[in-house]
Protein chains: 2
Amino acid sequence: MRRTTKEKAAATPTARRGRSTGRPTIRDVSRLAGVSRMTVSRVVRGLDLVLPETRDRVHKAIADLGYVPDRAAGSLSSRRTGFIALMLPTLTNANFSAAAHGLTEVLRAADYHMLIAYTDYSIDEEERQLRNLLARRPEAIVLTGWLKGRMASRMLLAADIPVIEIADLPRQPIGHAIGFSNYEVGRTAARHLLGKGFQHVGAIAGSNEGDVIDHRGEERMRGFEDELRQAGRSTDLVIRQGNAPVSYGHGAALVPRLIDKKIDAVFAVSDLSAVGVVMECQRHGIRVPEDLSVMGFGDFEIGSVINPRLTTIHVDFKALGQRTGQLLLQLVNGETTLPPQRIDVGLRVIERTSVRTAG
Amino acid sequence: MRRTTKEKAAATPTARRGRSTGRPTIRDVSRLAGVSRMTVSRVVRGLDLVLPETRDRVHKAIADLGYVPDRAAGSLSSRRTGFIALMLPTLTNANFSAAAHGLTEVLRAADYHMLIAYTDYSIDEEERQLRNLLARRPEAIVLTGWLKGRMASRMLLAADIPVIEIADLPRQPIGHAIGFSNYEVGRTAARHLLGKGFQHVGAIAGSNEGDVIDHRGEERMRGFEDELRQAGRSTDLVIRQGNAPVSYGHGAALVPRLIDKKIDAVFAVSDLSAVGVVMECQRHGIRVPEDLSVMGFGDFEIGSVINPRLTTIHVDFKALGQRTGQLLLQLVNGETTLPPQRIDVGLRVIERTSVRTAG
DNA sequence: GGATAGGATGTTCACGGTAACAACAAAGAA
DNA sequence: TTCTTTGTTGTTACCGTGAACATCCTATCC
């Protein structure tokens with residue numbers, strides 16, 4: 001020790017004053033190591049301004065006490081929380097969790113922590129969750145919803161942090177946007193099926209009633225219908241029924257109506273629903289794709305496993321998450337002057353065997 | 001205003017001193033509403049000690065400024081962060097995310113926020129992630145792994161917060177435990193298949209090599225093998241191959257070996273792997289269950305959709321998450337004297353049609 | 001030898017809230 | 001009337017850390 005610190009030592013180290021808990025703080029470490037709190041702080045943050053000998057003494061004290069720095073206190077002082085907020089409709093969708101996964105991967109390396117909230121497709125939850133997230137002072141926020149509320153926008157504005165909207169590319173982005181067009185997904189699906197020569201092209205999606213709303217699915221249907229109209233076809237075979245999030249059961253339940261309507265090719269709003277259709281068809285002795293062609297969206301793993309393998313539309317959600325992470329890092333590391341980015345990660349049809357060539 | 005506050009007003013409200021950012025703070029609200037910061041704090045927390053007239057004035061100021069309280073600052077002072085930490089192996093497993101979902105649901109109502117970290121089945125990540133979590137000062141922590149490291153235990157101890165281990169019931173719980181026995185899963189599966197009269201009973205699981213380890217799957221295999229031995233059967237037909245987390249491809253890839261070994265009933269470590277087996281069998285013209293009976297674990301939704309529907313073992317992960325949430329709330333609300341709980345949520349065989357009755 | 005530069009460490013104060021307690025007014029009790 | 005109680009609001013002092021700046025020491029240079 002080159003110098004004696006003037007930091008006052010408590011008469012009894014065990015005597016805790018005020019509101020403090022029993023957890024070791026930076027002060028305990030500093031006393032044990034015989035240095036100032038600031039020196040400990042420097043060691044903890046790996047600032048490399050400290051003599052190796054001192055550093056080792058501090059590290060030993062940290063290990064002895066099982067000290068873990070309090071990031072809440074740290075961020076209060078430094079104005080950097082190391083949080084990135086992420087708002088999702090649900091955790092139980094493989095594509096969203098793939099995006100979250102890609103995001104986390106990139107940010108983890110930079111010592112950022114994702115703060116995840118999800119709304120279960122409920123609009124009311126959105127504002128509540130947003131407030132909760134912002135209260136943690138994230139350095140940036142990633143949204144998947146279409147934030148509508150006036151109060152929500154006000155809060156986002158006051159928060160004054162970078163905003164990235166992912167998954168669906170909004171027409172009027174709040175800040176940056178990385179994703180793809182669900183509208184184009186619908187158009188692409190319709191174009192693909194029409195191109196195969198089908199006469200009775202239908203689609204199945206959830207209906208949007210009450211508080212639970214799936215904008216993304218509805219966008220896909222809009223695109224699908226527009227493409228149908230443009231080709232001079234009727235949109236009567238587009239069926240909306242059941243609530244988001246749709247799953248296997250959704251598709252299975254709609255098979256009777258598909259038969260009723262004599263549909264020969266159907267686009268399902270999600271691969272899960274499409275798989276449900278295929279499996280239910282097997283039970284009814286309806287051959288896929290001979291009697292009914294089925295196309296999905298999302299390229300969920302299960303689609304590539306079933307018989308026949310599912311034709312679908314692929315979007316690389318993990319890459320989407322990773323790109324978001326990279327942009328995020330640029331933004332929080334000072335490149336605040338970056339003009340609003342709008343990145344379309346695109347989509348592509350994966351042709352497998354659940355769609356035949358007709359006519 | 002009944003009294004004039006002595007809180008010093010800045011000469012120029014816009015002039016920011018020190019390190020502060022542009023975001024409105026409780027002080028800005030207090031000035032605008034003409035009350036003390038403490039009064040604002042009471043209104044924000046809904047403490048109902050404030051005159052309605054004053055409360056309204058404060059609410060208006062909050063709305064005007066778009067003020068969102070800083071929870072980091074609040075928790076530093078109150079010693080309550082409102083965080084519950086959750087460590088998972090992965091987010092992309094439907095059962096784990098169901099548990100996370102159930103947990104979040106319960107805690108959300110009590111204004112707690114889940115802080116999620118996941119390790120991707122890597123041991124090295126575990127300690128790093130644990131440190132990151134503890135740095136946020138969660139009021140309790142929920143673990144799914146088997147924490148091994150000495151340092152990890154030291155940190156957990158120093159954190160001095162309730163610990164709940166979920167999913168797998170450990171032999172020596174650190175604190176509380178809610179879950180089921182993966183060992184029993186294996187035994188139950190073996191018993192079920194043996195009870196059906198099969199002669200060549202096998203199983204497929206991941207192998208545990210390198211840093212990536214799936215304790216849970218291995219436990220199931222241990223139980224399976226023990227039951228086999230106890231029945232005087234050979235365990236030669238238990239195949240370990242591929243890394244956790246296993247998915248559809250795992251099962252599909254192992255079908256040739258199942259044929260090779262003339263296995264007539266197989267237990268897959270996970271439904272996903274089992275579904276892979278079933279689908280691949282269809283491609284090879286192997287009939288399920290006539291030629292090969294298949295049993296899975298986890299009761300994933302897809303299992304109830306495929307043909308034939310998958311016989312499996314069900315554990316109610318969502319309920320598991322909810323019960324964890326309820327216990328958590330008891331623990332953080334003062335019931336610290338609660339003796340260590342050990343709750344077995346049990347498991348049950350779901351008989352469907354992928355397993356036949358033999359001999 | 002004295003001035004200067006730079007490395008290692010220390011001190012002070014602010015970050016944005018809240019616990020604890022104090023102060024004061026109005027209403028009720030003795 | 002005076003004392004006590006109750007309800008509302010304010011003041012003070014922290015919570016644990018980091019930014020900014022200060023200080024001390026050693027090495028180097030002319």
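Naming convention: chains lettered A, B, ... in sequence-line order (proteins, then strands); numbering from 1 in each chain.
Listed nucleotides: C/dA20, C/dG10, C/dG17. Nearest to the side chain of A/V35: C/dG10. With distances taken from any side-chain atom of A/L76 to the nucleotides C/dC15, C/dG17, D/dT17, the minimum falls on C/dC15.
Contacts of B/S75 with the nucleic acid, taken as non-hydrogen atoms under 4.0 Å apart, are absent. Residue B/R45 is in sugar-phosphate contact alone, with no base atom involved, counting any heavy-atom pair closer than 4.0 Å across all strands shown.
Each of B/V44 and A/R55 was assigned the nucleotide of DNA chain C with the nearest heavy atom; the assignment lying further toward the 5' end belongs to A/R55.
Remark: A/T119 pairs with A/M87, A/P89, A/E125, A/E126 by the side chain to side chain contact (heavy atoms under 4.5 Å, CB included) rule, at least two apart or across chains. Judged as a side chain to side chain contact (heavy atoms under 4.5 Å, CB included), and not counting sequence neighbours, the contacts of A/L32 are A/A61, A/D64, A/L65. By the ring pair (Phe, Tyr, Trp, His ring centres under 6.0 Å) test, B/Y118 pairs with A/H101, sequence neighbours left out.
Between B/T54 and D/dT9, a side-chain N or O to OP1/OP2 separation shorter than 4.0 Å is present.
Residue pairs satisfying the salt bridge (charged side-chain N to carboxylate O under 4.0 Å, His left out) criterion with at least one member in residues 134-144 of chain A, sequence neighbours excluded, are listed as follows: A/R80-A/E139, A/R137-B/D70.
Of the residues in residues 132-139 of chain B, none lies under 4.0 Å from DNA chain D by heavy-atom distance.
Over its length, the helix from C/dG1-D/dC30 to C/dA30-D/dT1 turns its helix axis by 50°, as judged from the five terminal pairs at each end, rounded to 10°.
We find the CZ-CG distance between B/R131 and B/L133 to be 12.0 Å, quoted to the nearest 0.5 Å.
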